Amino acid sequence: MAEIQPMLHTKDISTLRDFYESLGFTQELLYAPEEEPNWLRLQFQGTSIMLQSDDQAQPNEAAHDVELYFVCDEIDGIYATWKRRGIDVTQPKTAFYGYKQMYVRDPDGRRVCFESVVRSS
């Protein structure tokens with residue numbers, strides 16, 4: 001079964017790419033490497049997302065329609081790293097279903113949740 005990858009449409013692919021790279025995403029594939037790409041794939045702890053340049057995309061139109069979730073190995077260390085980098089991220093909190101979660105908003109207004117299993121001692 002193929003992995004499902006969210007496709008994020010944006011007018012400014014370089015700003016969106018830079019934002020996700022600041023969170024620790026790495027560029028997996030680059031198409032049309034001789035020029036600014038119009039789409040690419042980024043990876044974070046085994047999960048991939050696609051970015052596509054779209055002149056019709058409206059800034060912040062996704063703010064209430066799309067919420068992305070990424071399962072991570074450990075949230076507290078990621079949170080500390082992002083805070084040191086000046087990224088506006090929420091304090092991790094434990095959800096009712098046993099995952100610790102933290103949220104950021106991407107430049108297009110999408111709410112992005114990173115979560116990890118709460119480990120019992």
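Treat the numbers as computed from the prediction; the structure is a model and nothing was measured. When reading the values below, keep in mind they use all heavy atoms of this one structure, side chains included, and skip hydrogens, waters and symmetry mates.
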Problem - Approximate separation, where rounding is to 0.5 Å, of K100 NZ and I78 CD1 - result: 11.5 Å
Practice task
Go through the structure and list residues passing side chain to side chain donor-acceptor pair (under 3.5 Å) with T15, not counting sequence neighbours.
Solution key: D12
Handout entry: Heavy-atom pair of closest approach, residues R110 and H9
Key = NH1-O, 3.6 Å
Practice task
Consider only side-chain heavy atoms of I, L, V, M, F, W and Y, link residues closer than 4.5 Å, and tell whether V117 and M102 are in one cluster.
Solution key: no
Exercise for the section: Can you measure from CG (L23) to OH (Y20) and round to the nearest 0.5 angstrom? Expected result: 7.5 Å
Exercise for the section: Kindly say whether T47 contributes a backbone atom to a donor-acceptor pair with the side chain of Q45 at under 3.5 angstrom? Expected result: no
Handout entry: Distance in Å, F70 CZ paired with L68 CG, rounded so as to fall on 0.5 Å steps
Key = 5.0 Å
Completion exercise
CD1 (I49) and CG (L42) are apart, to the nearest 0.5 Å, by 5.0 Å
Practice task
For T81, enumerate each residue passing the side chain to side chain donor-acceptor pair (under 3.5 Å) test, keeping only those at least two apart in sequence or located in another chain.
Solution key: R84
Handout entry: Side-chain donor or acceptor of S53 paired with backbone N/O of I13 under 3.5 Å
Key = no
Problem - Closest approach of C72 to S116 (non-hydrogen atoms, all atoms of both residues) - result: O-CB, 3.3 Å
Exercise for the section: With sequence neighbours excluded, tell me which residues meet side chain to side chain contact (heavy atoms under 4.5 Å, CB included) with Y97. Expected result: Y69, A95, Y99, Q101, E115
Completion exercise
dist D54:CG -> L8:CG (nearest 0.5 Å) comes out at 11.5 Å
Exercise for the section: Kindly work out whether a path of hydrophobic side-chain contacts (I/L/V/M/F/W/Y, heavy atoms less than 4.5 Å apart) joins V71 to F114. Expected result: no
Handout entry: Distance (rounded to the nearest 0.5 Å) between W82 CH2 and I75 CD1
Key = 7.0 Å
Fill in the blank from the handout: In short, Y103 meets C113 closest at the heavy-atom pair CE2-CB, 3.2 Å
Practice task
Report the C-alpha separation of R105 and D88 in whole Å, then their side-chain angles, then the decisive distance to 0.1 Å, and conclude whether the side-chain contact (heavy atoms from CB on, under 4.5 Å) test is met.
Solution key: CA-CA 8 Å; R105 284 219 184 253; D88 186 16; over 6 Å; no
